[in-house]
Asks: 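Next up is a structure, given as structure tokens.
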Amino acid sequence: MKIDNTRIDKLREYLCKVIVSITKNKNSKINADMLSKNVNNYSLDKIPTASVTERWITGVEKHRDVYSFRSRKEYSTNEINNLQNIGFFEIFEKTINSNNKKGILPNINGIESIECLNCGAMQKADTNTAIFDIQIQIIYREEA
């Protein structure tokens with residue numbers, strides 16, 4: 001089964017470029033529905049939502065996909081480390097929003113926009129790591 005022309009794969013490619021621009025780490029990878037125990041890894045997980053948001057009599061439909069973008073980061077009592085974790089997601093959100101305004105979008109047919117639906121926040125922590133999460137939405141058009 002080929003996945004190289006799917007929305008999630010195109011979004012993953014786009015987000016990898018965003019991560020590299022923030023972290024300068026060219027080895028960053030994004031998994032799908034899988035976050036490993038290693039720090040500084042990412043997962044893109046589709047959230048089940050109603051896809052069709054508008055139907056027009058012309059046969060065009062406006063759709064949305066919502067994803068959870070998660071990352072496991074180092075976590076400790078070190079204040080600077082924890083500020084860096086939140087800072088990553090603050091920069092990530094600003095980059096996505098800025099790119100959207102400039103028309104820099106994932107290479108998805110019919111895409112109109114990409115946006116962060118919330119700020120990145122810690123969801124779960126253990127002794128040495130924490131999982132951070134931010135929701136992303138893409139809006140695109142398709143022929144019915």
Side-chain angles (χ1 to χ4, degrees), residues 1-76 80-126 128-144:
M1 177 178 181
K2 292 184 78 170
I3 61 150
D4 58 352
N5 202 27
T6 60
R7 287 186 305 279
I8 192 166
D9 188 53
K10 299 287 187 178
L11 179 58
R12 189 174 65 94
E13 287 174 10
Y14 170 86
L15 293 176
C16 278
K17 292 175 186 173
V18 171
I19 293 169
V20 168
S21 75
I22 296 169
T23 66
K24 308 304 182 217
N25 179 359
K26 294 182 180 176
N27 295 322
S28 296
K29 291 174 66 176
I30 300 174
N31 296 311
D33 289 331
M34 196 283 295
L35 192 62
S36 79
K37 296 285 184 190
N38 300 326
V39 295
N40 296 323
N41 76 95
Y42 308 92
S43 181
L44 187 59
D45 312 334
K46 190 161 184 186
I47 298 173
T49 58
S51 176
V52 178
T53 60
E54 293 178 22
R55 282 193 173 98
W56 302 335
I57 59 171
T58 61
V60 174
E61 295 177 341
K62 191 178 268 193
H63 293 255
R64 72 178 175 153
D65 286 345
V66 180
Y67 298 89
S68 174
F69 178 69
R70 300 181 301 141
S71 179
R72 184 178 304 277
K73 300 284 189 183
E74 288 184 37
Y75 179 73
S76 68
I80 298 299
N81 183 59
N82 296 335
L83 287 170
Q84 288 174 332
N85 290 338
I86 292 298
F88 168 84
F89 282 94
E90 186 176 312
I91 294 167
F92 179 86
E93 181 182 9
K94 284 183 182 178
T95 302
I96 295 292
N97 292 337
S98 174
N99 283 354
N100 190 53
K101 289 177 185 172
K102 294 175 186 173
I104 302 169
L105 303 170
N107 187 22
I108 296 171
N109 289 338
I111 192 162
E112 293 183 352
S113 66
I114 181 170
E115 66 179 315
C116 295
L117 298 177
N118 60 352
C119 62
M122 183 173 65
Q123 298 299 310
K124 180 180 169 186
D126 60 30
N128 299 317
T129 66
I131 296 173
F132 291 81
D133 184 24
I134 190 168
Q135 281 77 50
I136 299 169
Q137 173 177 270
I138 61 170
I139 303 291
Y140 60 96
R141 290 184 188 192
E142 276 189 353
E143 293 288 327

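None of the values given here were measured: they were computed from a predicted structure. In this chain, residues are counted from 1 in sequence order. Side chains included, hydrogens not; waters and symmetry mates left out as well; all remaining heavy atoms used.
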Asks: Do you know the tightest heavy-atom contact between A32 and D45?
Replies: C-OD1, 4.2 Å
Asks: Less than 4.5 Å apart, any side-chain heavy atom of L11 and any of D65?
Replies: no
Asks: Can you check whether T95's main-chain N or O pairs, donor with acceptor, with S98's side chain at less than 3.5 Å?
Replies: no
Asks: Which heavy atom of D33 sits nearest a heavy atom of K46, and at what distance?
Replies: OD1-N, 3.9 Å
Asks: By ring pair (Phe, Tyr, Trp, His ring centres under 6.0 Å), which residues pair with Y75, not counting sequence neighbours?
Replies: none
Asks: Whether the side chain of N41 engages the backbone of R72 through a donor-acceptor N/O pair (distance < 3.5 Å, no angle test) should be reported.
Replies: no
Asks: Do Y67 and R12 make a side-chain contact, defined as non-hydrogen atoms from C-beta onward lying under 4.5 Å apart?
Replies: no
Asks: Hey, is K17 close enough to E13 for a salt bridge, meaning N to O under 4.0 Å?
Replies: no
Asks: Quick one: closest heavy-atom pair of S28 and I19, and the distance?
Replies: OG-CG2, 3.5 Å
Asks: Please determine whether side-chain contact (heavy atoms from CB on, under 4.5 Å) holds for the pair K62 and I139, giving the CA-CA distance in whole Å, both sets of side-chain angles, and the decisive distance to 0.1 Å.
Replies: CA-CA 7 Å; K62 191 178 268 193; I139 303 291; 3.7 Å; yes
Asks: Judged by atom type as modelled, is there a donor-acceptor pair below 3.5 Å linking the side chain of S71 to the main-chain atoms of N40?
Replies: no
Asks: Of all the heavy-atom pairs spanning T23 and F88, show the shortest one and how long it is.
Replies: CG2-CE1, 3.8 Å
Asks: Between R64 and T53, does any side-chain donor sit less than 3.5 Å from a side-chain acceptor?
Replies: no
Asks: Atom NE2 in H63, atom CD in E112: separation rounded to 0.5 Å?
Replies: 11.0 Å
Asks: Distance from I108 atom CD1 to T6 atom OG1, nearest 0.5 Å?
Replies: 8.5 Å
Asks: Would you please indicate yes or no on a ring centroid separation below 6.0 angstrom for F69 and F92?
Replies: yes
Asks: If I take atom SG from residue C119 and atom CD from residue Q135, how far apart are they, to the nearest 0.5 angstrom?
Replies: 9.5 Å
Asks: Rounded to the nearest 0.5 Å, what separates atom CG in D133 from atom NZ in K124?
Replies: 12.5 Å
Asks: How long is the gap from NZ on K73 to CZ on F89, to the nearest 0.5 Å?
Replies: 6.0 Å
Asks: Would you check if I114 and N99 make a side-chain contact, meaning some heavy-atom pair closer than 4.5 Å?
Replies: no
Asks: Rounded at 0.5 Å granularity, tell me how far CG in D9 sits from CG in L44.
Replies: 10.0 Å
Asks: Considering non-hydrogen atoms only, spot the tightest contact between V52 and E61 and give its length.
Replies: CG2-OE1, 3.9 Å
Asks: Is it true that atom CG of D126 has more than 12 heavy atoms of other residues, nucleotides or ligands lying nearer than 6.0 Å?
Replies: yes
